[in-house]
Enquirer: 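Have a look at this one.
Proteins get letters first, then strands, A, B, ... in listed order; numbering begins at 1 in each. Just so it is clear, the values below take in all heavy atoms, side chains as well, and ignore hydrogens, waters and symmetry mates.
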Amino acid sequence: MAIFLFNTLTRRKEEFVPREEGRVAMYVCGPTTYNYIHLGNARPLVFFDTVRRYFAYRNYAVTFIQNFTDVDDKIINRAREEGEDPLALAGRYVREYFHDARELGVRPADLHPLVSDHMAEIVDMVGRLVKKGHAYEVEGDVLFSVRSFEDYGKLSGRSVDELLSGARVGIDPKKRDPLDFALWKAAKPGEPAWDSPWGQGRPGWHIECSAMSLKYLGEGFDIHGGGSDLIFPHHENEVAQSEAATGKAFARYWMHNGFITVNQEKMSKSLGNFFLVRDLLGRFPGDVLRFFLLSTHYRSPLDFDLEVTESCSRGLVRLKNSMGLLYEALDDRAPAGGPGDSGGELDSFRREFETAMDDDFNTAAAISVLFDLAHAVNTFLHEHRGCRFGPGEQAFLHGAGELFHCMNEVLGIFPVDESGRIIVRQSCADSDSEHLLALLLDVREKARGRKDWATADHVRNGLKDIGITLEDTPDGVRWKRRSPD
RNA sequence: GGCGGCAUAGCCAAGUGGCUAAGGCAGAGGACUGCAAAUCCUCCAUUCCCCAGUUCGAAUCUGGGUGCCGCCUCCA
């Protein structure tokens, strides 16, 4: 089956046909690094990470580029406030970005280019646009002439005249047309600046993505993504300047995620209603946040709400419990790593999963398959309590585990350990605690043996207070501890 | 003002013409258990914002209405 995705350019769901068979080249706009990322920034990170993983699952060789904007007004202003060098500040938040991204299960892109490392490419591209008559220089600024590019507005679906009628465009005497935008900005004193044929200056916001995506992915690369607030003007301008410069089609598919809202309003820095991922991680583990972000289709708005996030957390516990039971059964009663089952129910789960993901990356539907599989595993184990597993049953269990791992490899919801297993529970902080806990559990077991329920319950309640839950089973006690970090 | 999106149970959320409207959370009852926890079983939307229409048949298509949101300015 082919993968279908919604292309902003055509406003339709289209079959994905790569530029080069078996390969996907994708570019996603990364953050401007002047602060920690907030949840709104996290949505495209998690989503496009999932897209990239799914292409890999479908055996595409993926080249995934995500830039950092490390030269920008906001960075300069912030640096001035903090008395720090702008590039140093930006570099610091790039490092912080990777910390948060890792917690969210987001893998590093193949390349994370920085604007500050690509001045030559940017200057070169601006020069080409000037030479071709698509841009003009005024007092050290270089502006792109919107009217010189016939298709301007094709991505956002608006004409130049429609955009003008919005009348929110400020009047700038330097601009020949109010919609013209800066490719290169003349340096002001005290700002980072680079040499160019138009004097010292720095790039406008949009040109960096054109220059870097074309450098690493080439003309007509497959997918360009980002938040829907980037459609206009950022991506529209990228299309204009790139296609004007090369004369070739820029990106073939444009994908845009919807916003995170708070009380139904867009989460944004200007409204001040944003939640930093860093702060949220103190309250929820990264896997819960990732699950929350993937629990709604990426193009729909997603309202952030603590209670909803809490319910996601409980759902995740259910899945982890199921995997924990499966691992126990595998270890105790089906240790041989024989071939997994590849028939019947498991196959249909896999098909459902693929159908969901093929249909414009419907992660919400894909996640439901995880629950269906967990339920099937639970029911199976319930029905085979205390039974010895035959070869067919062992194959089913191994197959279920493999399938779960495959789906998790795409969705990335559960952290896995070195052996590739989903981390179902936390271990003790140190070996002393481990021994103490074992001793305590032994004492409790002996108390239970003589029906001393008061002592047994006292131990259980006491452990619960420090976050350890006990579950008595016919085969002995099982303990769990789950808390953020 | 221009353009676009959304409205499904207490909450979150799939589903875009046709079998019983996925799944999760919460809730109710039952099994298991010393009691719990976990797990299993059963129940929980005759109905998809409202009205009109198309159709043998619509949550799904068309028209109208209501409500909410976004973009047009930095923003993921």
Enquirer: Tell me the partner of B/C40, counting only Watson-Crick (N1-N3 plus N6-O4 or O6-N4) or G-U wobble (N1-O2 and O6-N3) with both under 3.5 Å; none if nothing fits.
Expert: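 B/G30 - that is the nucleotide pairing with B/C40, both distances being under 3.5 Å.
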
Enquirer: For B/C41, take OP1 and OP2 only and decide whether either is under 4.0 Å from a side-chain N or O of A/H375.
Expert: yes

Enquirer: Name the pairing partner of B/A9, where a pair is Watson-Crick or G-U wobble with both distances under 3.5 Å, or state none.
Expert: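 Paired with B/A9, as far as the under-3.5 Å criterion goes, is no nucleotide at all.
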
Enquirer: State which of B/A22, B/C72, B/A38 makes the closest approach to the side chain of A/K480.
Expert: B/A38

Enquirer: Considering only atom P, compute the distance from B/G5 to B/U62 and round it to an integer number of Å.
Expert: 11 Å

Enquirer: Give the nucleotide from the list B/G34, B/C74, B/G2 with an atom nearest to the side chain of A/R460.
Expert: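 That would be B/G34.
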
Enquirer: In Watson-Crick or G-U wobble terms, both distances under 3.5 Å, what is the partner of B/A52?
Expert: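 Pairing partner: B/U62.
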
Enquirer: Between A/K13 and A/D358, does any side-chain N to carboxylate O distance fall below 4.0 Å?
Expert: no

Enquirer: Salt bridge or not for A/E96 and A/R278, using N-O below 4.0 Å?
Expert: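 Salt bridge present between A/E96 and A/R278.
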
Enquirer: Can you tabulate the close N/O pairs, meaning under 3.5 Å, that link protein atoms to atoms of nucleotides 11-20 of chain B?
Expert:
{"residue": "B/A14", "atom": "OP1", "partner": "A/H297", "partner atom": "N", "Å": "2.7"}
{"residue": "B/A14", "atom": "O3'", "partner": "A/N362", "partner atom": "ND2", "Å": "2.8"}
{"residue": "B/G15", "atom": "OP1", "partner": "A/N362", "partner atom": "ND2", "Å": "2.8"}

Enquirer: Taking the six-membered ring for Trp, are the ring centroids of A/F68 and A/H112 within less than 6.0 Å of each other?
Expert: yes

Enquirer: Dump the intermediate steps for side-chain contact (heavy atoms from CB on, under 4.5 Å) on A/F361 and A/H297, then the final yes or no.
Expert: CA-CA 8 Å; A/F361 306 96; A/H297 185 87; 5.6 Å; no

Enquirer: Which listed nucleotide (B/U39, B/C74, B/A76) is nearest to the side chain of A/P233?
Expert: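 Selected nucleotide: B/C74.
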
Enquirer: Could you label the plane-to-plane angle of the A/W254 and A/H256 rings as parallel, tilted or perpendicular, counting under 30° as parallel and over 60° as perpendicular?
Expert: parallel

Enquirer: Tell whether A/R43 reaches the base of B/A76 with its side chain through a donor-acceptor pair below 3.5 angstrom.
Expert: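 Result: no qualifying N/O pair found.
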
Enquirer: Determine the Euclidean distance between corresponding C1' atoms of B/C49 and B/C44; express it in Å to zero decimal places.
Expert: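 Straight-line distance between the two C1' atoms is 22 Å.
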
Enquirer: To the nearest Å, give me how far apart CD (A/E310) and C1' (B/G24) are.
Expert: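 The distance from CD of A/E310 to C1' of B/G24 comes to 14 Å, rounded to the nearest Å.
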
Enquirer: Heavy atoms under 4.0 Å, any strand shown: does A/K266 hit a base, just sugar-phosphate, or nothing?
Expert: base

Enquirer: Check the distance between B/C72's C1' and A/L230's CG and give it to me in whole angstrom.
Expert: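 After rounding, the gap between these two atoms is 15 Å.
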
Enquirer: With a 4.0 Å cut-off on N to O distance, would you call A/D141 and A/K175 a salt bridge?
Expert: no

Enquirer: Taking CD from A/E236 and P from B/C3, how many angstroms apart are they, rounded to a whole number?
Expert: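 Answer to the nearest Å: 17 Å.
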
Enquirer: Between B/G23 and B/A9, how far apart are the two C1' atoms, rounded to whole Å?
Expert: 13 Å

Enquirer: Do other residues, nucleotides or ligands put more than 12 heavy atoms under 6.0 Å from A/E15 CD?
Expert: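 It does: A/E15 CD has more than 12 such atoms within range.
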
Enquirer: Run the salt-bridge test on A/E81 and A/K74 with the 4.0 Å N-O cut-off and return the result as yes or no.
Expert: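 No.
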
Enquirer: In whole Å, measure the gap between the P atoms of B/U60 and B/G15 for me.
Expert: 15 Å

Enquirer: Is the ring centre of A/F371 under 5.5 Å from the base ring centre of B/G24, and are the two planes under 30° apart, so that they stack?
Expert: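 Whether judged by distance or by angle, A/F371 falls short somewhere, so it does not stack on the base of B/G24.
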
Enquirer: Can you tell which of B/A37, B/A76, B/C41 lies closest to the side chain of A/T379?
Expert: B/C41

Enquirer: Between A/T50 and A/R290, does the side-chain hydrogen bond (donor to acceptor under 3.5 Å, both in side chains) criterion hold? Intermediate values first, please.
Expert: CA-CA 10 Å; A/T50 305; A/R290 184 170 178 117; 3.1 Å; yes

Enquirer: Do A/K266 and A/D229 meet the salt-bridge criterion of a basic N to acidic O distance under 4.0 Å?
Expert: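 Looking at A/K266 together with A/D229, the answer is yes, because their closest N to O distance falls below 4.0 Å.
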
Enquirer: Please state the P separation for the pair B/U20 and B/A59 - nearest whole angstrom.
Expert: 13 Å

Enquirer: Give a yes or no on whether a donor-acceptor pair under 3.5 Å exists between the nucleobase atoms of B/C71, that is its base, and the side chain of A/R158.
Expert: yes

Enquirer: Please list each protein N or O that sits under 3.5 Å from an N or O in nucleotides 26-33 of chain B, with the distance.
Expert:
{"residue": "B/A26", "atom": "OP1", "partner": "A/R314", "partner atom": "NH1", "Å": "3.1"}

Enquirer: Could you tell me whether A/R299 and A/D360 make a salt bridge, using a distance below 4.0 angstrom between a side-chain N and a carboxylate O?
Expert: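 Between A/D360 and A/R299 there is a salt bridge, with a charged N closer than 4.0 Å to a carboxylate O.
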
Enquirer: Run the salt-bridge test on A/R421 and A/D331 with the 4.0 Å N-O cut-off and return the result as yes or no.
Expert: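 A salt bridge is present here (some side-chain N lies under 4.0 Å from a carboxylate O).
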
Enquirer: Among B/A76, B/U39, B/A37, which nucleotide has an atom closest to any side-chain atom of A/T469?
Expert: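 Selected nucleotide (nearest to the side chain): B/A37.
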
Enquirer: Could you let me know what B/G4 is paired to, Watson-Crick or G-U wobble, both distances under 3.5 Å, or none if it's on its own?
Expert: B/C69

Enquirer: Between B/A13 and B/A7, how far apart are the two P atoms, rounded to whole Å?
Expert: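 About 10 Å, rounded to a whole number of Å.
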
Enquirer: How far does the P atom of B/G18 sit from the matching atom of B/C25, given to the nearest Å?
Expert: 28 Å

Enquirer: Of the nucleotides B/G2, B/A76, B/U39, which has the atom closest to the A/E162 side chain?
Expert: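 The listed nucleotide nearest to A/E162's side chain is B/G2.
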
Enquirer: To the nearest Å, give me how far apart CG (A/N321) and C1' (B/A37) are.
Expert: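 Checked: the CG to C1' distance equals 9 Å.
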
Enquirer: So which nucleotide from B/A37, B/A76, B/G34 ends up closest to the side chain of A/D457?
Expert: B/G34

Enquirer: Using the P atom on both, measure B/U54 against B/U16 and round to a whole Å.
Expert: 25 Å

Enquirer: Check this for me: does the side-chain of A/D229 come within 3.5 Å of the base of B/G70 through a donor and an acceptor?
Expert: no

